[in-house]
Amino acid sequence: MLGREKIKDLLTSARTGRKVEVKGWVRTRRGNKNIAFIAVNDGSVIHNIQCVAETASFDEEVLKYVTTGASVRIAGTLVESMGKGQKLEIQAEEIEVYGPADPATYPLQKKGHSLEFLRSIAHLRPRTNTFGAVFRIRHTLAYAIHNFFNDYGFTYLHTPIITGSDAEGAGEMFRVSVLDPAKVPLQEDGQVDFSEDFFGKETNLTVSGQLEGELGALALTEIYTFGPTFRAENSNTPRHLAEFWMIEPEMAFYDIKDNMDLAEVFLKYLVSYVIEHCRDDLEFLNKMYEPGLLDKLQAVLENDFKRISYTEAIEVLKKSEKKFEFPVNWGLDLQSEHERYLVEQYFKRPVIITDYPAEIKAFYMKQNDEGKTVRAMDVLFPGIGEIIGGSQREEDLDKLMSKVKELGIPDKDLWWYIETRKYGTVPHSGFGLGFERMVLFVTGMSNIRDVIPFPRTPKNAEF
Ligand code: ATP
Ligand code: MN
């Protein structure tokens with residue numbers, strides 16, 4: 001009995017002359033009255049396998065449905081190809097059509113659709129070379145991430161997606177509620193009475209797993225989370241999604257330097273893993289989307305990341321001749337144009353910026369002795385800007401509490417976090433890598449909507 005083989009394996013198979021079977025989708029059909037060349041793809045690899053069918057040997061009623069987009073099973077003999085463009089092909093002996101795709105309406109009839117158009121058919125775009133390549137690389141990156149942390153002895157900790165604390169402070173949140181919006185129960189003061197809601201309190205989708213991750217690190221020493229996070233910000237940029245995936249390692253006994261070292265070996269490992277395992281897809285994207293992609297990836301491996309303080313970064317920016325849209329002043333946050341100037345034009349390599357002003361960073365970051373800055377670190381990448389945000393965490397109970405008070409954070413929501421500073425606190429650090437930003441960097445795509453299968457952005461949740 002024949003068994004289906006993946007096209008990826010067949011195309012590298014050394015054993016010709018044997019019977020094989022493939023299942024997949026027709027990418028193109030060429031030929032004439034007597035012979036049909038059917039290119040089939042099953043998503044296992046960017047290349048198609050060519051199946052050659054002598055039309056006389058097949059039922060006309062079957063062959064007429066073998067058109068672009070149709071799903072098929074083809075069995076035959078694997079042979080060396082006489083034609084240009086492929087080494088191997090299948091001499092078809094059996095063809096079965098699972099589902100036809102009407103050429104009059106199938107949207108992916110020809111190549112060369114714009115990425116904008118393909119976004120409007122997100123249900124079909126995985127069938128294109130581009131999205132096949134992107135999603136295979138996305139998968140490989142995810143796999144490499146688990147591999148890396150497993151090898152380093154980290155525990156994968158699942159932090160909650162629904163959170164009861166609105167103190168994470170990383171952005172606007174999506175409320176999770178089962179209350180009927182048409183008749184919301186109100187308290188005497190006119191505020192919504194969440195005690196009648198599902199969890200008996202106000203709940204939201206998480207913006208970060210960090211706070212819970214810290215609880216894990218203060219027991220398991222080294223943990224990481226890898227899950228979806230949500231931000232209800234109306235930022236319509238090529239680098240923001242309302243739903244994105246984040247990798248957040250959190251390590252006990254790591255100071256900021258250890259944290260930077262980990263971030264750098266981690267990012268380099270991911271890049272080298274993808275170079276090694278996604279050659280064909282990268283070459284395709286290098287050709288079609290970002291000439292120089294492969295060199296750019298190689299450059300990340302070969303250069304040490306430049307490490308500078310925020311204060312030094314501000315000096316560099318102030319000295320530059322460049323006209324920025326946003327002002328540069330000590331105390332103001334760096335905008336993406338500033339970050340990209342530092343990385344792409346000034347240092348020409350990834351940059352890690354540390355010791356940001358306390359005012360522009362989160363309450364949990366470790367305060368430096370001079371009081372004005374915190375031990376934050378952002379990793380900036382070419383073409384992307386911020387790819388990682390992290391810090392050493394404030395482990396001192398008194399300092400943490402004075403910060404919580406100063407910012408008016410309701411500590412009743414955070415009592416569990418604060419308790420870890422009361423019982424067995426240790427220096428610790430962590431960071432968050434935006435998964436889609438990493439996929440963007442590695443694939444050379446330019447819009448974050450094109451590196452996640454079903455993007456969630458303002459006014460867009462169709463698929
Ligand atoms: P930015 O300033 O770019 O909006 P941030 O400082 O708000 O990002 P963090 O809260 O530090 O982001 O989140 C950690 C990482 O998650 C970022 O470095 C980035 O890679 C990624 N990230 C943050 N917001 C988004 C988003 N809306 N869509 C996709 N990735 C994001
Ligand atoms: Mn950040």
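Since we're looking at a predicted model, the values are computed, not measured. Each residue takes its place number in the sequence, starting with 1. First listed ligand is number 1; within each ligand, the first listed atom is number 1.
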Under 3.5 Å: N/O of Leu433 near N/O of ligand 1: no

Arg349 charged N/C atom sitting above Tyr346 aromatic ring, 6.0 Å / 45°: no

Numbered atoms of ligand 1 (with element) below 4.0 Å of Gly432, judged on heavy atoms: 14 (C), 15 (C)

N-O pairing of Arg421 and Glu214 below 4.0 Å: yes

Close approach of Ile448 to ligand 1, heavy atoms, under 4.0 angstrom: yes

Candidates Tyr269, Phe226, Tyr152, Tyr273 - the one meeting ring pair (Phe, Tyr, Trp, His ring centres under 6.0 Å) with His146: Phe226

Per-residue contact class, His240 against ligand 1 - non-hydrogen pairs under 4.0 Å: both

Atoms of ligand 1, numbered as shown, that sit under 4.0 Å from any heavy atom of Met246: 13 (O), 14 (C), 15 (C), 16 (O)

Ligand 1 atoms in contact with Gly434 (distance to a heavy atom under 4.0 Å): 15 (C), 16 (O), 20 (O), 21 (C)

Numbered atoms and elements of ligand 1 in range of Ile388, under 4.0 angstrom, heavy atoms: 18 (O)

Which segment of Arg231 sits under 4.0 Å of ligand 1 when only heavy atoms are counted: side chain

Atom name of the N, O or S atom in Glu386 that lies nearest to the Mn ion (ligand 2): OE2

Part of Arg239 with heavy atoms under 4.0 Å of ligand 1, whether side chain, backbone, both or neither: backbone

Donor + acceptor pair across side chains of Arg307, Thr354 (<3.5 Å): no

Numbered atoms of ligand 1 (with element) below 4.0 Å of Gly389, judged on heavy atoms: 18 (O)

Arg231 versus Thr229, side-chain donor and acceptor atoms under 3.5 Å: no

Option nearest atom 11 (O) of ligand 1 (shortest heavy-atom distance, choices Glu248, Glu386, Arg437): Glu386

Centroid-centroid under 6.0 Å between Phe266 and Phe148 rings: yes

Face-on cation placement of Lys361 at Tyr310 ring, 6.0 Å and 45° thresholds: no

Side-chain donor-acceptor pair present, Arg239, Asn447, cut-off under 3.5 Å: no

